Structure formats: C-alpha cells, structure tokens
Protein chains: 2
Amino acid sequence: MAINSRFAVGVHILSLLEINKGGRNTSDYIAGSVNTNPVVVRRIMSMLSKAGLVLTSPGVAGATLARPIGEITLHDVYKAVRDDDADPLFAVHDKPNPDCVVGKNIQGALETSFNQAQAAMENELAGVTLDTVIRSILQQES
Amino acid sequence: MAINSRFAVGVHILSLLEINKGGRNTSDYIAGSVNTNPVVVRRIMSMLSKAGLVLTSPGVAGATLARPIGEITLHDVYKAVRDDDADPLFAVHDKPNPDCVVGKNIQGALETSFNQAQAAMENELAGVTLDTVIRSILQQES
DNA sequence: TTTTTTTGTAACAATTTTAGTTACAAATTC
DNA sequence: GAATTTGTAACTAAAATTGTTACAAAAAAA
C-alpha cells in the first residue's frame with residue numbers, strides 16, 4: 001500500500017458531497033461515513049479546497065463541489081491530496097557513490113522509466129471522473 | 001515518494017552485477033556503490049534471489065544474474081522487492097461506515113479504477129529491460 | 001586444519017510517515 | 001449571547017522504512 005489513504009478518503013468525501021447534496025455535510029457527518037476523526041476530514045477537505053475542487057467557508061456547515069462531477073477526475077483528487085505536488089511516485093536512494101559508474105548514473109537512468117510509469121498511472125486516473133465513481137457506488141447499492 | 005527505494009536499489013544492484021561482471025561483487029562492495037549498509041544489500045539481494053533474478057550461495061562472494069539482461073524487466077524487479085506481493089498500490093481506508101451508501105460501496109467502486117491505474121504503471125515497467133537501463137548508465141558516462 | 005571471509009537472517013534502533021486526537025481562534029448560525 | 005462549525009496548530013500513537021549489531025553456517029584462503 002504505497003499510496004496513502006488520503007486519496008481514497010478524498011474521493012469518498014467528494015462522492016458523499018454529491019450523493020448527499022441536499023443534506024448538511026459537516027466534517028462530523030462525513031467523518032461518520034469515512035469512519036475517522038472530523039479533523040482528518042477537515043484536513044483533507046482543506047487540500048481539496050486549495051486545489052479548487054470544493055467550496056467551503058469558515059463557520060458555515062458543509063461544502064459543495066466546485067465543478068460538475070463529470071469535470072472532476074481521480075487525477076485531480078490524486079494531485080490535490082499530496083503534501084508536495086512535485087514529489088515523485090518512485091523513491092530513489094539519494095546518495096549513490098559518484099565514484100562508481102553505476103552510482104554516478106543510476107538516478108538519471110531510472111528517471112525516464114520511472115516518469116513514464118508514473119505518467120501511465122496518472123493518465124488512467126485522469127480518464128476516470130467522479131461521475132463514474134458515483135455511478136458505481138449507486139449501482140452496487142441497487 | 002510513495003514506492004520505497006528498495007526498488008531503485010534492486011535495479012542498482014542488478015546493473016552493477018552486469019557492469020562489474022568480471023569483478024568480485026560482495027555485499028560490501030555493492031553497499032559502497034549504493035552507499036548503504038551491506039546488510040541492506042543482502043536483504044534486497046535475498047529478495048531478488050527468491051524471485052529467481054540472481055544466483056547466490058552462502059559463503060561464496062558475489063552473485064550473478066540468473067537471466068540475460070534483455071530478459072529481466074523493471075516489473076520483475078518491482079515485484080521481487082515487495083514484502084507482500086499481493087498488496088495494492090493504492091491504500092483504501094479499511095472501515096468505512098456500512099450504514100452509509102457511500103461508506104458501504106466506496107471500496108468496490110474504487111477497486112476497478114485503482115487496479116487499472118496500477119496495471120498501467122506496471123505495464124510500463126514491464127516494457128523496460130535491464131538492458132535499457134544499463135545502456136542508459138553507460139551512455140551517460142561517455 | 002585453522003583462520004578469515006562471506007552470505008543469510010534475526011533482532012533491534014533511529015527516523016520518517018501516517019493517522020488520530022486535543023485544543024482553540026475565527027466565523028457563522030441559532 | 002450561546003452554540004456550532006471551520007481551519008489549523010500542536011501533539012500522540014502506530015506503522016513503515018532504513019540502518020545497525022550480532023551471529024550461525026558455508027566457503028575460501030592461509
């Protein structure tokens with residue numbers, strides 16, 4: 001489980017905002033659905049807000065989606081919930097020996113392949129909208 | 001940096017075994033190139049060995065590749081260095097509220113998309129052989 | 001054959017990451 | 001004015017990651 005659950009929780013939150021659109025989606029209520037602490041929800045909600053995916057106001061209960069569900073992709077959420085948006089999927093040991101041919105060049109040699117693999121993954125996520133996820137949730141229910 | 005550096009170190013080790021084929025590739029020597037502790041190298045080497053990518057013997061210095069470099073992919077290494085080969089790339093919160101429509105179905109709804117994204121990433125890795133990596137290392141050197 | 005070297009692995013430690021919790025100011029609602 | 005809610009900081013607990021120490025078993029070297 002290399003990618004932390006903030007991503008899945010982020011999708012959960014957005015799905016709930018849509019499905020429970022009429023209701024009062026406080027962090028407390030959402031936390032009850034996710035089964036976690038309200039502060040964890042607010043923390044992730046804050047990231048979604050900074051990424052422009054949801055609209056919130058201090059003191060005002062709930063949040064609303066900033067865009068139609070067909071225009072929010074899993075990739076948008078993936079990027080939104082990362083601490084450092086630049087940090088790569090694959091870690092590389094940071095101080096290989098520069099006096100060794102392999103040590104000196106391994107980082108550069110891996111960069112291209114690792115970037116391609118990450119891009120392929122992100123591209124798949126970009127092809128899935130919140131709409132699809134919500135449809136799947138509701139379909140399983142019926 | 002979601003995927004730990006054992007993967008990159010694994011590729012480093014295999015590359016070094018090939019490039020320094022004539023030499024004496026003890027865990028101590030390899031550790032010097034990676035810039036880590038020899039035990040860390042032996043631990044990863046053990047995983048590579050169990051995956052059938054290298055051949056080693058207790059007490060005998062060094063290791064050799066079990067297959068030609070054109071027949072070892074980054075995906076082989078990726079799978080080799082994972083603790084639990086089954087554990088997925090994307091973590092999902094494990095106890096969402098079953099009394100909520102979203103909580104009850106979010107795991108199933110995410111499974112398909114997450115699996116596809118992971119498969120796309122692994123597929124890219126499967127398209128890169130150790131041969132390509134080594135070529136890149138040597139090319140950067142010249 | 002004795003000594004040294006090396007692998008393989010267990011046990012432990014240090015550091016970092018992740019998730020959860022407490023606390024509280026600021027804004028809004030009741 | 002009292003109660004509720006967001007937003008955020010600070011802290012705690014647990015887990016993962018990486019590095020280290022220790023040592024048996026096997027092989028190589030002396």
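Just so it is clear: chains get the letters A, B, ... in the order the sequence lines come, proteins before strands, and each one is counted from 1. We use all heavy atoms of the structure for the numbers below, so side chains are in, but hydrogens, waters and symmetry mates are not. Predicted model only: the values in this text are computed from it and were never measured.
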Chemist: Using a cut-off of less than 4.0 Å, is there contact between a side-chain N or O of B:Ser46 and OP1 or OP2 of C:dT7?
Modeler: no
Chemist: Rounded to whole Å, please give me the gap between CG in A:Asp84 and P in C:dT17.
Modeler: 11 Å
Chemist: Report yes if the side chains of B:Arg6 and B:Asp83 come closer than 4.5 Å at any heavy-atom pair, otherwise no.
Modeler: yes
Chemist: Rounded to the Å, how far apart are B:Leu17 CG and C:dT7 P?
Modeler: 11 Å
Chemist: Check whether any side-chain nitrogen or oxygen of A:Arg24 sits under 4.0 Å from OP1 or OP2 of D:dT5, and answer yes or no.
Modeler: yes
Chemist: Mapping B:Lys50 and A:Arg42 onto DNA chain C by nearest heavy atom, which one lands closer to the 5' end?
Modeler: B:Lys50
Chemist: What is the distance from CG of A:Asn37 to P of C:dA23, rounded to the nearest Å?
Modeler: 12 Å
Chemist: Without decimals, in angstroms, what is the distance between A:Ile30 CD1 and D:dG7 C1'?
Modeler: 14 Å
Chemist: Any side-chain N or O of A:Ser27 below 4.0 angstrom from OP1/OP2 of D:dG7?
Modeler: no
Chemist: Using OP1 and OP2 only, check whether a side-chain N or O of B:Thr56 sits under 4.0 Å from C:dT7.
Modeler: no
Chemist: B:Asn4 side chain: which of C:dT18, C:dT6, D:dT17 is closest?
Modeler: D:dT17
Chemist: Heavy atoms under 4.0 Å, any strand shown: does B:Val60 hit a base, just sugar-phosphate, or nothing?
Modeler: sugar-phosphate
Chemist: Tell me which nucleotide among C:dG8, D:dT17, D:dT20 gets nearest to the side chain of B:Val39.
Modeler: D:dT20
Chemist: By nearest atom, which of the nucleotides D:dT5, C:dT6, D:dG19 is closest to the A:Ala61 side chain?
Modeler: D:dT5
Chemist: Does a sphere of radius 6.0 Å around CD in B:Glu71 hold more than 12 heavy atoms from other residues, nucleotides or ligands, not counting ones at 6.0 Å or beyond?
Modeler: yes
Chemist: Expressed as a whole number of angstroms, how long is the span from A:Arg43:CZ to C:dT21:C1'?
Modeler: 9 Å
Chemist: Counting only side-chain N and O atoms of B:Lys95, is one of them less than 4.0 Å from OP1 or OP2 of C:dG20?
Modeler: no
Chemist: Counting distance only, does the side-chain N/O of B:Gln140 pair as donor-acceptor with the main-chain N or O of A:Asn105 below 3.5 Å?
Modeler: yes
Chemist: Could you tell me how far apart B:Ile44 (CD1) and C:dG8 (C1') are, to the nearest whole angstrom?
Modeler: 14 Å
Chemist: Where does the angle between the aromatic ring planes of B:Tyr78 and A:Phe90 fall among parallel (under 30°), tilted (30 to 60°) and perpendicular (over 60°)?
Modeler: perpendicular
Chemist: In whole Å, I'd like the distance from the CG atom of B:Asp94 to the P atom of D:dA14.
Modeler: 15 Å
Chemist: In whole Å, what is the span from the OH atom of B:Tyr29 to the C1' atom of C:dT5?
Modeler: 18 Å
Chemist: Between C:dT7, C:dG20, D:dT21, which nucleotide has the shortest distance from any of its atoms to the side chain of B:Thr26?
Modeler: C:dT7
Chemist: Classify the ring geometry of A:His12 against B:His93: parallel below 30°, tilted from 30° to 60°, perpendicular beyond 60°.
Modeler: tilted
Chemist: Mind checking A:Arg6 for me? I need base, sugar-phosphate or nothing, with any heavy atom below 4.0 Å counting as a touch.
Modeler: sugar-phosphate
